[in-house]
Every structure is written in C-alpha cells, then in structure tokens.
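First comes the structure, then the notes that go with it.
Position 1 is the first residue of the sequence; numbering continues from there.
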Amino acid sequence: MKNSTKLTFYMINDNLEKQAQAIFKSWFVDFEPFQDGEFVDSELGMIPKGWNISSLDKCIEFDPREKNEKNKEFRFFDMKSLSTDGMLINEGVRRVISSASCFRNGDTLLAKITPCLENGKTGFVMGLKNGELAKGSTEFIVMRTKGSVSPYWIYCLARNADFRNVAIKSMIGSSGRQRVQLNVLKNYPIVFSQKLMNDYHSLVKPFFMKILENKQQIWALTQLRDSLLPKLMSGELSVGDI
C-alpha cells in the first residue's frame, strides 16, 4: 500500500510539472493566447505588441554570492541530488564545506558539465527552512530571480528545449569535462510581458506547492520504510503488526 501511495505522489508531481511547462511553452514560446492580437517585428522575430525584450542577466542573478561562514555545517547537495526529468531534489546531507555553490528556496539549479547537462539534470530548490542557505556541487549554475520574473518561470525556462540547446552548444573544454559558458546564458534573449509573468506566477504557484507537499509525504514514507525494514528482516516485527 505504501509503495503504491508513493507511486501515486510521483505520478501527480510529474503531471503537475508537465502542466507548468506546457503553459510556459504556450504563453512565452508559442504565444498561443495572443494569436489573434497584434504582433510586431523584432530582433527575435514577430512578438506580441507591448512585450519586452531583455537578456537573462537583466532579470536573473547567476551564481549569487553569499557570505562564506567557515567551520559551519550546511545542507549539501551533490550532482546525484538532481533528477534528469523532474524538479525534485533529494534531502541532501549535512556537512562542513567551504568551496561550493550557494542557494536558497526558489533558486533553480542547472548542471553545467557534460554529460549531466545533456542528461537533463536540473532542479528547483524548495523545502529548506525559512532563510536557510544550502550548498552544493560547484558544477551547478544557480539561477535566482532579481524580482522581475517568477522563479517558477525560471525553472521552466531551464527545462525548455531551446534554452538547453543553446547551453549545450556553448560548452567548451577538454573531452568529457566540457562546461557551459556562463556569458552565453547571461546574454540569452528573452521576451515577456510583466503582466503575463505575474499571471503565470499566480497560476502555477499552487502546482509547485502541491509538488512540495507530495515530496514531503514521499520522504516521510521513505523514512518509515527504512525504520521498519530492519525490524521485519530481523523478525522483531511481522507484516501483520504494521
């Protein structure tokens, strides 16, 4: 029963994330809700009239700097913490570390090294304590809103095929150790309406919150399983006792 419950949570999360990504593509890539409106020519082709063109570094802070506190434990996430096909990040481990990427709730983590980027490793940070600073692999690119764009929009952009293709094509370095050129991502052009951005944020926020709630349920079930399994194996408990 508990395994089937966990599977249900995973399936719900997958569906919610796909919905958020589908709306992102419909609104901000294909402009589907505006096909009957007025379009104007731009450096990016035809776009809805009144929309803004900007580069990512104008609205996203890449690899934000944080105060480095030595000899302090942080929750740490390595590359294995990221999924290839979903936003969820594992629980991490507590450790003292100095050289690492730094991030907080609402940040997007993008793998910058081959083959992790090509494999899809990307995550959305949520579930940390209020104000908690976490650390992770130096092979993450951390993407944080400067306030003008939704953090949920940033995550869906990081999953978008065009954005990922640009990142992958920018990679340089020796075979097997190639990395994304960060300046290419900073100069990545985007087009958006601030009003629509706000609408998108309000629409998909409940999706992300439900995914977090389900993640916490999955984690609780996993902990329960891990605590009961040794007792079942030793005979201290029987299936009928559960």
Side-chain angles (χ1 to χ4, degrees), residues 1-27 29 75-95 103-111 115-130 132 134-137 139-140 142-143 150-161 163-164 200-242:
M1 177 64 74
K2 291 184 175 62
N3 283 336
S4 63
T5 302
K6 284 174 64 175
L7 180 60
T8 299
F9 285 140
Y10 280 120
M11 291 174 65
I12 291 172
N13 284 355
D14 181 63
N15 181 263
L16 289 169
E17 180 167 343
K18 285 178 178 176
Q19 286 186 58
Q21 291 175 3
I23 297 168
F24 170 90
K25 185 175 184 297
S26 171
W27 289 13
V29 178
R75 205 182 319 184
F76 180 82
F77 301 83
D78 60 14
M79 187 61 73
K80 293 179 182 178
S81 302
L82 296 190
S83 169
T84 58
D85 58 5
M87 69 176 68
L88 291 181
I89 303 172
N90 72 17
E91 296 302 311
V93 294
R94 297 201 66 84
R95 57 184 287 194
F103 41 87
R104 299 179 184 274
N105 282 332
D107 291 345
T108 290
L109 307 181
L110 177 72
C116 300
L117 174 61
E118 296 94 324
N119 290 343
K121 282 188 171 284
T122 309
F124 185 76
V125 183
M126 54 183 174
L128 300 177
K129 294 178 182 177
N130 260 352
E132 181 181 358
K135 295 194 175 187
S137 169
E139 302 295 357
F140 294 158
V142 181
M143 303 167 67
S150 166
Y152 312 129
W153 183 94
I154 294 173
Y155 172 75
C156 289
L157 173 70
R159 283 283 180 197
N160 177 259
F163 175 83
R164 299 186 74 83
Y200 180 79
H201 180 89
S202 298
L203 179 61
V204 303
K205 182 178 180 179
F207 299 178
F208 281 69
M209 295 301 99
K210 185 61 178 177
I211 289 171
L212 173 59
E213 180 184 328
N214 289 343
K215 175 190 175 183
Q216 292 168 335
Q217 293 286 349
I218 291 168
W219 177 241
L221 289 171
T222 300
Q223 287 185 307
L224 180 61
R225 179 205 63 192
D226 291 347
S227 66
L228 291 178
L229 190 58
K231 296 180 179 180
L232 288 168
M233 296 293 289
S234 67
E236 184 179 344
L237 283 178
S238 67
V239 175
D241 296 325
I242 300 176

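Panel note: side chain Lys205, backbone Tyr152; no donor-acceptor pair is recorded below 3.5 Å. Of the possible donor and acceptor atoms, one in the side chain of Asn105 sits under 3.5 Å from a partner among the backbone N and O of Gly127. For the pair Arg159 (side chain) and Gly86 (backbone), a donor-acceptor distance under 3.5 Å is present. One N or O on the side chain of Tyr200 and one on the backbone of Ala20 form a donor-acceptor pair closer than 3.5 Å.
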Item to check | Worked check of side-chain contact (heavy atoms from CB on, under 4.5 Å) between Leu110 and Arg164 | outcome: CA-CA 10 Å; Leu110 177 72; Arg164 299 186 74 83; 3.7 Å; yes

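Counting only N and O atoms by type, the side chains of Ser81 and Asn90 include a donor and acceptor under 3.5 Å apart. Side-chain atoms of Asn13 and Glu17 form no donor-acceptor pair, as typed in the model, at a separation below 3.5 Å.
In this structure, the side chains of Thr108 and Val142 stay at 4.5 Å or more apart for every pair of heavy atoms. Side-chain contact between Lys215 and Phe9 is absent, with no heavy-atom pair separated by less than 4.5 Å.
The CZ atom of Phe103 sits 14.5 Å away from atom CE of Met143, with the distance rounded to the nearest 0.5 Å.
Residues Leu82 and Ala111 come closest through the heavy atom pair CD1-N, 4.4 Å.
For residues 119-129, no residue pair satisfies the salt bridge (Lys or Arg N to Asp or Glu O under 4.0 Å) rule, not counting sequence neighbours.
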